Amino acid sequence: MRARVPPAANGAYERIHAYVRRIPRGRLSTYGAIARAVGASGPRQVGYAMHALQAGSAVPWHRVLNAQGRISLPGTAGERQRERLAAEGVLPGRGGRYDLPRLGWIAPEK
DNA sequence: CGGCTGACTCTGG
DNA sequence: TCCAGAGCCAGCC
């Protein structure tokens, strides 16, 4: 069974979590954008950082989508993500795609 | 240290 | 718009 959520990991995880925590309610971001923003090695590491989150975490992981504006998280977990987004007024357009150009958020330079 | 997997992305047909 | 292939990389066995 995959990724057993290693506790410590590295500083990159903390930067990623901190960044995601800054995403405003009702806005979205992507794995790739976050990776570039925090200087992570790549989009996959962001995905790992999300996977490492515990239930009840303060990190709004549901606001993170893939570059195509779609939910990457498979299965029921993906459905929960969709519900969480809907709960804050973020709804997918046609084909389950979200309007990234409109709702995408990037942390201000400084 | 080798091999496999995956909450990615990009390019091309 | 959908699908395949390739590149990339960290974590686990």
Side-chain angles (χ1 to χ4, degrees):
Chain A
M1 312 294 236
R2 19 252 99 44
R4 254 195 266 132
V5 187
N10 48 29
Y13 275 34
E14 295 192 10
R15 291 202 302 282
I16 292 169
H17 292 164
Y19 186 93
V20 174
R21 243 192 316 271
R22 295 174 59 192
I23 301 174
R25 186 175 182 287
R27 302 297 295 281
L28 305 168
S29 190
T30 69
Y31 301 100
I34 294 170
R36 290 191 299 271
V38 306
S41 61
R44 299 204 120 128
Q45 187 172 25
V46 177
Y48 277 114
M50 294 297 100
H51 197 213
L53 292 173
Q54 302 172 32
S57 163
V59 180
W61 54 271
H62 56 283
R63 295 174 191 154
V64 183
L65 307 174
N66 63 31
Q68 298 176 49
R70 294 157 85 173
I71 291 174
S72 284
L73 186 52
T76 57
E79 292 177 30
R80 283 199 295 281
Q81 179 171 10
R82 179 175 54 72
E83 290 170 13
R84 279 171 174 275
L85 287 174
E88 41 188 73
V90 179
L91 300 173
R94 192 167 186 288
R97 289 151 120 284
Y98 291 84
D99 192 343
L100 233 34
R102 188 169 61 86
L103 300 175
W105 177 88
I106 295 184
E109 288 280 329
K110 165 50 188 155

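Letters A, B, ... are given to chains in the order of the sequence lines, protein chains preceding strands, and every chain is numbered from 1. Values in this document were obtained by computation on a predicted structure and should not be read as measured data. In what follows, every heavy atom counts, from backbone to side chain, and hydrogens, waters and symmetry copies are set aside.
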- Task: Identify the heavy atoms of Leu65(A) and Arg70(A) that sit nearest to each other, and give their distance.
- Result: CB-O, 3.6 Å
- Task: List in numerical order all residues of residues 78-90 of chain A for which some heavy atom is under 4.0 Å away from an atom belonging to DNA chain B.
- Result: none
- Side chains of Val20(A) and Leu53(A) in contact at under 4.5 Å (non-hydrogen atoms): no
- Message: For a 4.5 angstrom cut-off between non-hydrogen side-chain atoms, does Val90(A) reach His62(A)?
- Response: no
- Item | Residues His51(A), Trp61(A); criterion side chain to side chain contact (heavy atoms under 4.5 Å, CB included); working and verdict | CA-CA 9 Å; His51(A) 197 213; Trp61(A) 54 271; over 6 Å; no
- What's the CD1-C1' distance between Ile71(A) and dC8(B), to the nearest Å? 15 Å
Grab the N/O contacts between the protein and nucleotides 7-9 of chain C below 3.5 Å, and write none if there aren't any.
unit_1: dC8(C); atom_1: O2; unit_2: Arg44(A); atom_2: NH1; d: 3.2
unit_1: dC8(C); atom_1: N3; unit_2: Arg44(A); atom_2: NH1; d: 3.2

- Query: Roughly how many Å is it from CE in Met50(A) to C1' in dC8(B), rounded to a whole number?
  - Reply: 13 Å
- Task: Look up atom CD in Gln81(A) and atom CZ in Arg84(A), then write down how far apart they are to the nearest 0.5 Å.
- Result: 9.0 Å
Using residues 22-36 of chain A as the side-chain source, report each donor-acceptor pair under 3.5 Å to any protein atom, sequence neighbours left out, with the distance given to one decimal.
unit_1: Arg27(A); atom_1: NE; unit_2: Leu103(A); atom_2: O; d: 3.1
unit_1: Arg27(A); atom_1: NH2; unit_2: Gly104(A); atom_2: O; d: 3.0
unit_1: Thr30(A); atom_1: OG1; unit_2: Ala33(A); atom_2: N; d: 3.1

- Tell me, please, which residues at least two apart from Ser57(A) pass side chain to side chain donor-acceptor pair (under 3.5 Å). none
- Message: Reading 5' to 3' and counting Watson-Crick or G-U wobble pairs with both distances under 3.5 Å, write the dot-bracket notation for DNA chain C, | for bases paired outside the strand.
- Response: .||||||.|||||
Hey, what are the protein-to-nucleotides 11-13 of chain B N/O distances that come in under 3.5 Å?
none

- Message: What is the distance, to the nearest angstrom, from the CD atom on Gln45(A) to the P atom on dT5(B)?
- Response: 21 Å
- Item | Among His17(A), Glu14(A), Gln45(A), Arg15(A), side chain to side chain contact (heavy atoms under 4.5 Å, CB included) partner for Val38(A) | Arg15(A)
- Atom-to-atom span, OH of Tyr31(A) to C1' of dA10(C) - whole angstrom: 16 Å
- Note on the structure: Whole-Å distance, Gln68(A) CD to dC8(B) P, equals 11 Å
- Supply the atom-to-atom distance Arg97(A) CZ to Asn66(A) CG, rounded to the nearest 0.5 angstrom. 9.0 Å
- Output the single nucleotide from dA10(C), dC2(C), dA7(B) whose closest atom is nearest the side chain of Ser72(A). dA7(B)
- Heavy atoms, side chains only, cut-off 4.5 Å: are Arg80(A) and Leu73(A) in contact? no
- Message: Contact between Leu91(A) and Leu85(A) at the side-chain level, heavy atoms closer than 4.5 Å - yes or no?
- Response: no
- Query: When you look at Tyr19(A) and Val46(A), which way does the side chain to side chain contact (heavy atoms under 4.5 Å, CB included) test go after all the steps?
  - Reply: CA-CA 11 Å; Tyr19(A) 186 93; Val46(A) 177; over 6 Å; no
- Give the rounded distance in Å between these two atoms: CG of Leu100(A) and C1' of dT9(B). 13 Å
- Query: To the side chain of Leu73(A), which of dC2(C), dA7(B), dC10(B) is closest?
  - Reply: dA7(B)
